[in-house]
S.K.: 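For reference, the structure I am asking about is given below.
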Amino acid sequence: MDTKAEPGTNVKIRIEDGIAWVTLNRPEKRNAISPGIVFEMVAAIDQLEMNDDAKVLVITGSGDAFSAGQDLKEYFRIPDAGDPRLRERLHNANAYWQWRRLMYYPKPTIAMVNGWCFGGAFQVLCACDLAVAADDAQFGLSEVNWGIIPAGIVTKSVAMALAQRDALYYILTGDTFDGKRAAEIGLVNFSVPKDELVDKTKALAAKMMDKNPLVLRTAKTAYHRVREMSWDASADYLNAKNDQMIMRDPEKGASKGMKQFLDEKSFKPGLGAYKREE
Ligand code: COA
């Protein structure tokens, strides 16, 4: 198993106007997630974390697929038949980038679903903060069709993202559904005609880029943490986290925002972000 994929082979990265476009790049295999993609994605997102030019990550796929899920041959058949230590290493690396890392990634992430999206690709989709789809993208929890359950962390991801009736309907039937339906059930934020997908994704990324990055980072971490906590623990955690963030904020956003609103009357928090460059 190749655990050291050459950068740029299975995953393409392009940084432009603050957006890091991270493209799964095995179009001939519908971007099925192979060990090559797994180990390259681990390296890619580590590298992008430290790159100040990359303010928002957009994950998408090349060709006509977002991703056809885990690679049945390279992710399952070959590793399952080989050294169990390597198999475990692969599965850990996959879990690392697909949800542990993406869910708590210190920058906003958007899944841009341009086409086929099956099985394991739901983990990536659900771990991203936001998601946009082409109207005609096709989604499916196809595991039931080939004799397994949505394992990895797919069932958990779907249970967190969807209402029970929708989650179980697609888990048990394996039916495909399009981008419009994905928006209807809240799996993506919205869907648009394919020729508008990139521009609408850029506009969504731009909305977050004029906000304080430390606040974005803290807000998403806090969201995921409190989902598992009691109300009392959540209140304590949120207040402590907010105080910690205010103390650490290099641009002193909260006092700047208050000054601009209360003293200078130069902006209204209800209508947009404070002016960060002052
Ligand atoms: N794992 C391994 N290989 C895959 C794959 C996957 N998940 N998805 C597609 N491929 C490969 C095909 O085997 C084929 O390889 P080949 O050219 O060597 O024969 C190639 O990618 C193109 O696939 P093909 O099925 O011909 O493309 P299509 O556009 O007609 O259909 C899909 C696209 C996505 C509907 C179909 O490929 C499919 O059902 N893939 C499996 C989806 C799935 O169940 N994923 C869940 C995994 S957990």
Side-chain angles (χ1 to χ4, degrees), residues 1-3 5 9-12 23-42 59-82 86-100 102 111-128 131 133-162 166-182 185 187-188 191 194 197:
M1 187 198 314
D2 179 17
T3 59
T9 312
N10 298 290
V11 179
K12 296 267 184 228
T23 305
L24 306 179
N25 189 44
R26 299 179 71 220
E28 72 292 352
K29 298 288 181 191
R30 306 300 179 261
N31 305 318
I33 298 165
S34 59
I37 285 192
V38 170
F39 291 106
E40 228 177 295
M41 275 304 291
V42 168
I59 299 182
T60 190
S62 60
D64 60 6
F66 175 69
S67 169
Q70 302 307 120
D71 189 302
L72 271 61
K73 186 171 162 194
E74 291 194 36
Y75 187 85
F76 291 112
R77 181 181 278 172
I78 298 172
D80 282 1
L86 281 178
R87 174 184 186 271
E88 204 162 305
R89 191 168 166 205
L90 173 63
H91 287 215
N92 283 338
N94 191 56
Y96 175 77
W97 83 267
Q98 284 196 355
W99 61 278
R100 288 201 187 94
L102 273 185
M112 187 176 87
V113 184
N114 51 307
W116 302 115
C117 177
F118 286 101
F122 276 62
Q123 292 181 167
V124 185
L125 171 64
C126 294
C128 285
D135 287 339
D136 63 355
Q138 289 290 315
F139 297 75
L141 290 165
S142 54
E143 286 87 342
V144 68
N145 293 334
W146 63 282
I148 68 164
I149 66 167
I153 202 74
V154 177
T155 297
K156 175 73 175 169
S157 304
V158 169
M160 295 299 271
L162 297 183
D166 294 320
L168 282 173
Y169 181 88
Y170 291 112
I171 287 171
L172 297 179
T173 64
D175 278 5
T176 53
F177 55 100
D178 65 11
K180 288 182 181 171
R181 176 72 183 144
I185 61 177
L187 184 61
V188 302
S191 78
K194 192 172 254 163
L197 188 59

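Quick note: numbers below take in every heavy atom, side chains included, and nothing from hydrogens, waters or symmetry partners. We count ligands from 1, going down the list as the structure has it; atoms in each ligand are counted the same way.
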S.K.: Are the side chains of F39 and N10 in contact, using a 4.5 Å heavy-atom criterion?
M.R.: no
S.K.: Keeping to residues at least two apart or across chains, list the ring-ring contact (aromatic ring centres under 6.0 Å, His included) pairs with something in residues 140-161.
M.R.: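 Checked against ring-ring contact (aromatic ring centres under 6.0 Å, His included) - neighbours excluded - the pairs reaching residues 140-161 are F76-W146.
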S.K.: Grab the two heavy atoms, one from S191 and one from G179, that are nearest each other, plus how far apart they are.
M.R.: CB-O, 3.4 Å
S.K.: Parallel, tilted or perpendicular: which one describes the rings of F177 and Y170, with boundaries at 30° and 60°?
M.R.: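 Answer is tilted, since the angle falls between 30° and 60°.
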S.K.: Looking only at heavy atoms, what is the nearest atom pair of A167 and V158, with distance?
M.R.: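 A167 and V158 have their closest heavy atoms at CB-CG1, 3.6 Å.
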S.K.: For ligand 1, output the ligand-protein N/O contacts shorter than 3.5 angstrom; if there are none, return none.
M.R.:
| residue | atom | partner | partner atom | Å |
| --- | --- | --- | --- | --- |
| ligand 1 | 1 (N) | L72 | N | 2.8 |
| ligand 1 | 7 (N) | A68 | O | 3.0 |
| ligand 1 | 7 (N) | Q70 | O | 3.1 |
| ligand 1 | 15 (O) | K29 | NZ | 3.3 |
| ligand 1 | 18 (O) | K29 | NZ | 2.5 |
| ligand 1 | 21 (O) | E28 | O | 3.4 |
| ligand 1 | 27 (O) | R30 | NE | 3.2 |
| ligand 1 | 27 (O) | R30 | NH2 | 3.2 |
| ligand 1 | 29 (O) | R30 | NE | 2.9 |
| ligand 1 | 29 (O) | R30 | NH2 | 3.2 |
| ligand 1 | 44 (O) | S142 | OG | 2.6 |
| ligand 1 | 45 (N) | A68 | O | 2.7 |

S.K.: Within the supplied structure, the quantity of interest is the number of heavy atoms (other residues, nucleotides, ligands) at a distance under 6.0 Å from K180 NZ; does it exceed 12?
M.R.: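 Result for NZ/K180: open.
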